[in-house]
Structures are given as C-alpha cells and as structure tokens.
Visitor: 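This is the structure I want to talk about, given as structure tokens.
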Amino acid sequence: MSGPVDVTDTAAQPSAPASHSTAPTVEVVDGRSTRIGDLPVRRVLPRRSRRTVGAWCFADHMGPIAVDEFRTVDIGPHPHIGLHTVTWLVAGELLHRDSLGSEQEIRPGQLNLMTAGHGVAHAEESTNDYRGDLHGMQLWVAQPDGTRHGPPAFEHHAELPRVSLGAGEATVLVGEFDGVRSPARADTPIVGLDAVLRPGASAWPLRPDFEYGVVVIDGAVAVGDTVLVPGQLGYLGLGRDEMTVTVTEDARMLLLGGEPFDEPVLVWWNYVARDRGEVDRAGQDWNAESERFGRVRTKLARIPSPVPPWRTGPA
Ligand code: MN
C-alpha cells in the first residue's frame with residue numbers, strides 16, 4: 001500500500017500560506033479514485049489545486065463496497081502525527097484500535113475522533129459478523145502549532161446533535177452550525193455537517209469568516225447554479241453569510257468549513273507536518289518501532305513508513 005497521501009495528490013513541499021479565495025465562488029475540484037487495500041475511495045482533499053478547507057486537510061469518500069468473509073477492509077497499524085482523524089459512516093461497521101488502548105466499534109450516526117498530536121498509531125478492522133455495504137467518510141483535520149506537539153487522544157460520540165434545514169436535516173459532526181454545537185473536539189474554528197436532503201431548496205446560514213467545501217455522498221446537489229456529484233469538491237471560498245442548496249431527488253452531502261488555516265502544512269503519507277525533516281523523523285521513529293507511537297493490540301501487520309520522494313535521489 002502506498003499512500004494515503006502521495007505526490008499524485010499534492011506537492012511534497014509545505015503549502016504557501018493563504019491560498020484561499022477571498023470571495024464567494026463555486027470552484028469544482030475533481031477528486032481521484034484510488035484504493036486503500038481492498039477499499040475503493042474517492043479522494044477529494046488534498047488536491048494540488050486545493051490543499052485545505054479551513055483546517056480540513058484530507059477527505060476520502062470510502063465505498064460503498066460489499067463486505068463479506070472474503071473481502072474485508074482491514075488496515076493494519078500505521079502512525080499519524082499533527083492531525084485529528086474524523087471517521088463517519090453512512091453504512092457498515094468498523095472496529096478502531098489504537099496505541100492508547102482504545103477499542104471502539106463505530107456504526108452509522110456515530111463519530112470517532114482521534115487526535116495524533118506528537119504521535120499515535122491505529123488500525124481499522126472489519127467487525128467479525130458484519131455483512132453488507134461499507135460506505136463513509138474518512139477525514140483529517142490539521143492541528144495548529146498550539147496542540148500538534150501535545151499528547152494523543154481518542155473520543156467516540158454515540159450521539160450527535162441535529163439541525164433542520166427546511167428540505168432536509170443535518171447532523172453536526174464537529175464545530176457549530178446554526179447555533180447547534182457538536183461535543184467533538186476542535187482545536188481551530190471549523191464545522192463539519194452531514195446533510196440528508198429531500199427535493200427542494202433551502203438557504204443555509206454560513207459564516208463570512210469561514211471558507212467552505214461541499215462533498216456529495218449520494219445524488220446530486222446544486223449550490224447556487226453549480227451542480228456537484230460524488231467525487232468532486234465544491235470549494236465555496238470566504239465571504240458568504242448563506243448559500244442556497246437545491247436538490248431534485250434525495251441526496252446526501254457533507255459541508256466542511258473553517259477559518260482559513262494559515263500555517264504552512266506538508267501532508268505526506270499519514271503525517272501532517274510543517275517540513276520534510278518532521279516527516280523524515282516520524283518515518284524513522286515508526287520504522288524503528290519507537291515508543292513515540294506506542295503499540296496497537298491487533299493481529300494485523302504494521303504498515304511500514306515508505307521512503308519519501310525527497311529521500312530517493314537519482315539512481
Ligand atoms: Mn489512519
């Protein structure tokens with residue numbers, strides 16, 4: 001397995017600060033289809049033309065894929081630094097295990113949020129008895145300098161608050177939307193919303209100081225006049241106090257937003273760093289089985305940290 005993030009997704013150097021659009025826009029960014037093990041994903045963030053939306057720095061739309069005794073979605077122990085993983089399922093079940101000793105099943109409607117800080121490791125496994133579709137979103141949020149050197153943590157939210165949207169309703173995964181706040185940890189001002197929409201139009205209240213992105217999970221969603229479908233990121237820029245969302249058939253989408261993240265990030269493999277030296281050290285520590293990342297209690301094999309492209313000189 002190569003990835004999650006490699007040079008086909010984004011440049012292997014720190015981002016220039018402040019690449020966000022200062023005016024409302026609907027910029028359609030095409031994702032790319034890839035696989036993580038057996039699991040097909042549509043990666044809509046990062047892309048070369050769009051590395052972050054607020055502090056959101058990674059978004060994989062996983063599946064749907066049928067899971068049975070012959071095809072599982074196990075991902076062995078691997079490390080993370082400098083990010084929160086946010087796992088949200090539309091269908092299916094997963095078992096999360098991490099080096100803090102957490103062992104947590106997740107089902108649709110529940111949120112797993114793991115904070116990597118200075119270093120953590122985890123594995124994702126199929127549950128033994130589940131047969132059916134697996135479908136969901138794997139998201140990362142970049143931690144700011146104030147917390148990214150801190151300790152790892154894990155939280156599970158079995159219930160999350162909901163908001164009515166007129167032609168639909170939404171679950172607030174992270175942050176606050178329309179005065180309704182999720183209990184999940186957020187180290188910078190961000191929002192994440194999963195909206196289930198019925199035919200019709202609705203005006204959603206937004207924050208002008210946030211930039212936003214739309215990721216369609218099912219169906220087709222029009223933001224203003226621009227129709228978005230799964231596999232795309234609709235980047236909306238800053239400066240909106242509302243947006244009009246219209247669907248003609250049932251649809252489902254994520255809204256991701258936040259204050260523009262002005263720290264230059266280098267996202268490579270499973271690391272969110274600031275420079276290549278941090279990525280190199282994390283890779284050396286993981287491959288040396290350093291205490292930094294701890295141990296995950298699982299039968300699955302550890303996934304070694306690959307050599308970054310800047311370490312592979314001309315042959
Ligand atoms: Mn992971």
Side-chain angles (χ1 to χ4, degrees), residues 1-5 33-44 58-80 83-116 119-141 152-162 171-174 182-185 192 194 196 215 217-218 230 252 254 269-270 286 293-304:
M1 186 168 79
S2 69
V5 174
S33 294
T34 181
R35 301 184 85 82
I36 298 179
D38 277 346
L39 181 63
V41 303
R42 287 174 272 205
R43 180 158 303 151
V44 297
F58 179 91
D60 265 4
H61 180 179
M62 310 181 285
I65 183 179
V67 173
D68 58 29
E69 61 269 46
F70 305 111
R71 183 164 56 183
T72 60
V73 289
D74 295 343
I75 299 170
H78 58 277
H80 286 290
L83 59 87
H84 310 280
T85 61
V86 177
T87 308
W88 177 250
L89 297 182
V90 173
E93 295 178 2
L94 284 174
L95 175 63
H96 164 96
R97 295 183 203 261
D98 66 36
S99 52
L100 296 159
S102 317
E103 189 177 318
Q104 178 67 56
E105 281 189 10
I106 181 172
R107 294 190 169 82
Q110 305 176 337
L111 188 79
N112 276 358
L113 190 151
M114 183 179 72
T115 298
V120 74
H122 73 143
E124 303 280 1
E125 304 177 20
S126 303
T127 56
N128 287 329
D129 45 357
Y130 180 75
R131 302 287 181 267
D133 276 354
L134 180 74
H135 188 193
M137 298 293 303
Q138 178 66 62
L139 308 163
W140 297 351
V141 181
F154 175 75
E155 59 191 53
H156 172 79
H157 298 280
E159 301 221 15
L160 290 166
R162 292 169 160 268
T171 305
V172 185
L173 311 186
V174 184
S182 163
R185 173 172 169 175
D194 174 26
V196 176
V215 183
I217 296 173
D218 265 322
R252 187 163 184 166
L254 285 192
W269 200 52
N270 286 300
W286 173 249
F293 292 105
R295 290 188 185 280
V296 184
R297 284 167 52 94
T298 175
K299 292 181 180 142
L300 299 175
R302 297 168 103 253
I303 300 172

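This structure is a prediction, so every number in the text was calculated from the model and none was measured.
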Visitor: Quick one: closest heavy-atom pair of G92 and L134, and the distance?
Guide: CA-CD1, 4.1 Å
Visitor: Of all the heavy-atom pairs spanning L89 and I106, show the shortest one and how long it is.
Guide: CD1-O, 3.5 Å
Visitor: Between L300 and A123, which heavy-atom pair has the shortest distance, and what is it?
Guide: CD1-CB, 4.5 Å
Visitor: Which value, rounded to the nearest 0.5 Å, describes the distance between D74 atom CG and S126 atom OG?
Guide: 4.5 Å
Visitor: Is the shortest heavy-atom distance from the side chain of V174 to the side chain of V141 under 4.5 Å?
Guide: no
Visitor: Quick check: do T85 and F154 have side-chain heavy atoms less than 4.5 Å from each other?
Guide: no
Visitor: Side chains of V172 and P161: closer than 4.5 Å at any heavy-atom pair?
Guide: yes
Visitor: Side-chain polar contacts of residues 58-68 - donor-acceptor pairs under 3.5 angstrom, sequence neighbours left out - could you list them?
Guide:
residue: D60; atom: OD1; partner: R43; partner atom: NE; Å: 2.7
residue: D60; atom: OD2; partner: R43; partner atom: NH2; Å: 2.9
residue: H61; atom: NE2; partner: H135; partner atom: NE2; Å: 2.8
residue: D68; atom: OD1; partner: F70; partner atom: N; Å: 2.8
residue: D68; atom: OD1; partner: R71; partner atom: N; Å: 2.8

Visitor: To the nearest 0.5 Å, tell me how far L83 CG sits from N270 CG.
Guide: 8.0 Å
Visitor: To the nearest 0.5 Å, how far apart are CD in Q104 and CG in L94?
Guide: 11.5 Å
Visitor: Over all heavy atoms of both residues, which pair between E105 and H156 is shortest? Give the atoms and the distance, please.
Guide: O-CE1, 3.6 Å
Visitor: Less than 3.5 Å apart, any donor N or O on the side chain of E155 or H157 sitting next to an acceptor on the other?
Guide: yes
Visitor: Verify, without hydrogens or angle tests, whether S182 (side chain) and A184 (backbone) share a donor-acceptor contact under 3.5 angstrom.
Guide: yes
Visitor: With heavy-atom distances below 4.5 Å as the criterion, would you say the side chains of V90 and P108 are in contact?
Guide: no
Visitor: If you take all heavy atoms of G119 and P152, which pair is closest and at what distance?
Guide: O-CG, 3.5 Å
Visitor: Decide yes or no on side-chain hydrogen bond (donor to acceptor under 3.5 Å, both in side chains) for H96 and N112, but give the supporting numbers first.
Guide: CA-CA 8 Å; H96 164 96; N112 276 358; 4.6 Å; no
Visitor: Using the side-chain contact (heavy atoms from CB on, under 4.5 Å) rule, take L254 and M137 through it: C-alpha gap first, then chi angles, then the decisive distance, then the call.
Guide: CA-CA 9 Å; L254 285 192; M137 298 293 303; 3.7 Å; yes
Visitor: Rounded to the nearest 0.5 Å, what separation is found between the CD atom of Q110 and the CH2 atom of W88?
Guide: 8.5 Å
Visitor: Drop me the distance from S99's OG to R295's CZ, to the nearest 0.5 angstrom.
Guide: 10.5 Å
Visitor: Applying side-chain contact (heavy atoms from CB on, under 4.5 Å) to H80 and W140, what does each step give before you reach the verdict?
Guide: CA-CA 10 Å; H80 286 290; W140 297 351; 3.5 Å; yes
Visitor: Compare every heavy atom of H122 with every heavy atom of D98, then report the nearest pair and how far apart it is.
Guide: CB-CB, 3.7 Å
Visitor: Return the CG to CG distance between L113 and L111, rounded to the nearest 0.5 Å.
Guide: 6.0 Å
Visitor: Just by distance, no angles: are the side chains of E125 and T298 close enough, under 3.5 Å, to form a donor-acceptor pair?
Guide: yes
Visitor: Checking Y130 now: which residues fulfil ring pair (Phe, Tyr, Trp, His ring centres under 6.0 Å) with it, not counting sequence neighbours?
Guide: none
